[in-house]
Amino acid sequence: MPLQRREREARRAVRSDGGGPGKIVERPPRRRRLWLGWTWRRWTLVTILGLIALSVIWGALGYLSVSSGVSDANKRLPKNVRPVLTPDSGLLLSSPTTILLLGSDHATGKGSTGRAVDQHSDSITLLHTDPGHHRLYYLSVPRDLQTEVPGHGQEKINAAMQFGGPRLAVQTLDALLGKSLPVNHVVIVDFNQFEKLIDAIGGITVNVPENIVSNRFDCPYSTQQRCLQWKGWRFHKGPTHLSGHEALIFSRIRENSLDPSWTDFDRQHDQQLVEQATLNKLSSPSLFFSLPFDGNSLLKPIATDLSTWKLLQLSWVKFRSGKSIHCRLGGTSETIGGGAYIIGSSENIRVIDEVLGRSAPQPPPKGEPYAPGCIVGANSNY
């Protein structure tokens, strides 16, 4: 019977070395072997270690590529600029620093005919970091703001770049803002070469402040008939992902048919949005892992004194920041000698205090398009 057979088999398995009746020998299970005799656990461990090693190697290669591009960007900055920059008081990781962003669109490409020798700074923005409070301050300076340009008297502030290059631009900003907000670093951007850079970093996301239908320029169609029927470039309000060409178009819009109050002040703001979004991408830690290994051409539109190590510190500060505050200097619009100027307001002093964290941000009065002020968050029209 089956029951008796099982009992006989159990008796045969009883140990004969004195283990006693009923004690059954347990045979250890056989471990399953895979290819090369390795178990699945060993293969899993080797795979994980291999992926870690590959990530480290890939990141190191990306870092070297970026370092090469940054080194060339350092060489493109005129040698006379560094002596007028105020040294940092410590590491960017822990100490406040101020970075001047200068944008210029002077080339002879599409949309810029006749500006080959024009070196005016089309956009002027200062990025002030406050690592201790995890805040970033963006201070926009109107390019038509009248100020004292050292050696040239009262001029539009963007003329400093034309008269004496970035060195004079830094000196003019230092004289305007005072010793409380000195310029520590500078980044100069050539908008005409921006297209390839933005495409290389996978495009940028810009928070478009309002719906836009631009004036007609750089028609995308090949026939004149289609261009005559074309209404202009369209951009919708809200976060918008832009390719290099789209970002260049966006930064050059001079008119908005949907907003009769559109001024050149809005165009400067759009250029600053493009600059800030690109800087965010360039200072992102993921950049060193996702870049194609061509750092020289990637950073070709940029000249700066920032080193790769300081860019890494800046990326960490930006990653840790929980709040962005967007400010602008301003005043009243006046026509002087046939040219449009912005005459600075005494409220600009208050704005500088707000950038330094000495007072709470105050928005500009409504209905005054050139008034100074600050807005917390990224949804500002600065």
* Structure fact -> Heavy atoms of E354 and C374 approach each other most closely as OE1-SG, 2.9 Å

* When the ring planes of W230 and Y221 are compared, do they come out parallel, tilted or perpendicular, using 30° and 60° as the limits? -> perpendicular

* Asked: When you check the side-chain N and O atoms of T97 and D88, is any donor under 3.5 Å from an acceptor?
  -> yes

* To do: Over all heavy atoms of both residues, which pair between L168 and P150 is shortest? Give the atoms and the distance, please.
  => CD1-O, 3.7 Å

* Asked: So, D130 and R135, do they make that salt bridge, N to O below 4.0 Å?
  -> no

* Structure fact -> Value for OG1 (T98) from NE2 (H128), rounded to nearest 0.5 Å, stands at 5.0 Å

* Under 4.5 Å between side-chain heavy atoms, hopping through other hydrophobics if needed: is there a path connecting V355 to V376? -> yes

* Asked: Same cluster for F163 and L176 if Ile/Leu/Val/Met/Phe/Trp/Tyr side chains link at under 4.5 Å?
  -> no

* Asked: Could you go step by step and tell me if R358 and L356 meet the side chain to side chain contact (heavy atoms under 4.5 Å, CB included) rule?
  -> CA-CA 6 Å; R358 297 172 179 171; L356 293 171; 3.5 Å; yes

* Just wondering, do I188 and M161 contact through their side chains at under 4.5 Å, heavy atoms? -> yes

* Structure fact -> Taken to the nearest 0.5 Å, the spacing of F235 CZ from I253 CD1 works out to 4.5 Å

* **Atom pair CH2/CZ of W233 and F217 - distance to nearest 0.5 Å** => 7.5 Å

* Heavy-atom distance under 4.5 Å between the side chains of T240 and V206, does that happen here? -> no

* **Nearest atoms (heavy-atom pairs only) where V186 meets T304** => O-OG1, 2.8 Å

* If you draw a 6.0 Å radius around NE2 in H152, do more than 12 non-hydrogen atoms from other residues or ligands fall strictly inside? -> yes

* Got a second to check how far L85's CG is from R82's CZ, nearest 0.5 Å? -> 8.0 Å

* **Shared hydrophobic cluster, V149 / L329 (ILVMFWY, side-chain heavy atoms < 4.5 Å)** => no

* Show the numbers, then the answer: is there a side chain to side chain contact (heavy atoms under 4.5 Å, CB included) between L181 and L139? => CA-CA 11 Å; L181 193 63; L139 177 60; 4.1 Å; yes

* Output the distance between atom CZ (R216) and atom CD (Q229), rounded to the nearest 0.5 Å. => 9.5 Å

* Where T205 and H241 come nearest, the two heavy atoms and their spacing -> OG1-ND1, 3.5 Å

* Given V84 and D174, is the side chain to side chain contact (heavy atoms under 4.5 Å, CB included) satisfied, shown in steps? -> CA-CA 9 Å; V84 299; D174 279 340; 5.8 Å; no

* **Sub-4.5 Å side-chain heavy-atom contact between P78 and P166** => yes

* Asked: Taking atom types as modelled and ignoring hydrogens, do the side chains of E155 and Q146 form a donor-acceptor contact shorter than 3.5 angstrom?
  -> no

* Backbone N or O of P209 within a donor-acceptor pair of the D270 side chain at under 3.5 Å? -> no

* Asked: Just how far is it from atom OG of S214 to atom CZ of R234, taken to the nearest 0.5 Å?
  -> 9.5 Å

* **Minimum-distance pair of heavy atoms, taken over all atoms of S307 and N74** => CA-OD1, 4.4 Å

* Asked: Would you call K310 and L314 a side-chain contact if the rule is heavy atoms closer than 4.5 Å?
  -> no

* **Heavy-atom check, side chain of S257 versus side chain of K231, under 4.5 Å** => no

* So, do L136 and L127 sit near enough that their side-chain heavy atoms are less than 4.5 Å apart? -> yes

* Asked: What pair of heavy atoms forms the shortest contact from Y341 to I336, and how long is it?
  -> CE1-O, 3.5 Å

* Would you say the side chain of I198 lies within less than 4.5 Å of the side chain of L242, judging by non-hydrogen atoms? -> no

* Trace of the side chain to side chain contact (heavy atoms under 4.5 Å, CB included) decision for L177 with V141 -> CA-CA 11 Å; L177 302 176; V141 181; 5.6 Å; no

* **L93 atom CG, over 12 foreign heavy atoms within 6.0 Å** => yes

* Within 6.0 Å of CD in Q154, more than 12 heavy atoms from elsewhere -> yes

* With sequence neighbours excluded, residues passing side chain to side chain donor-acceptor pair (under 3.5 Å) with R320 -> H134

* Asked: Quick one: does I157's side chain get under 4.5 Å of L173's, heavy atoms only?
  -> yes

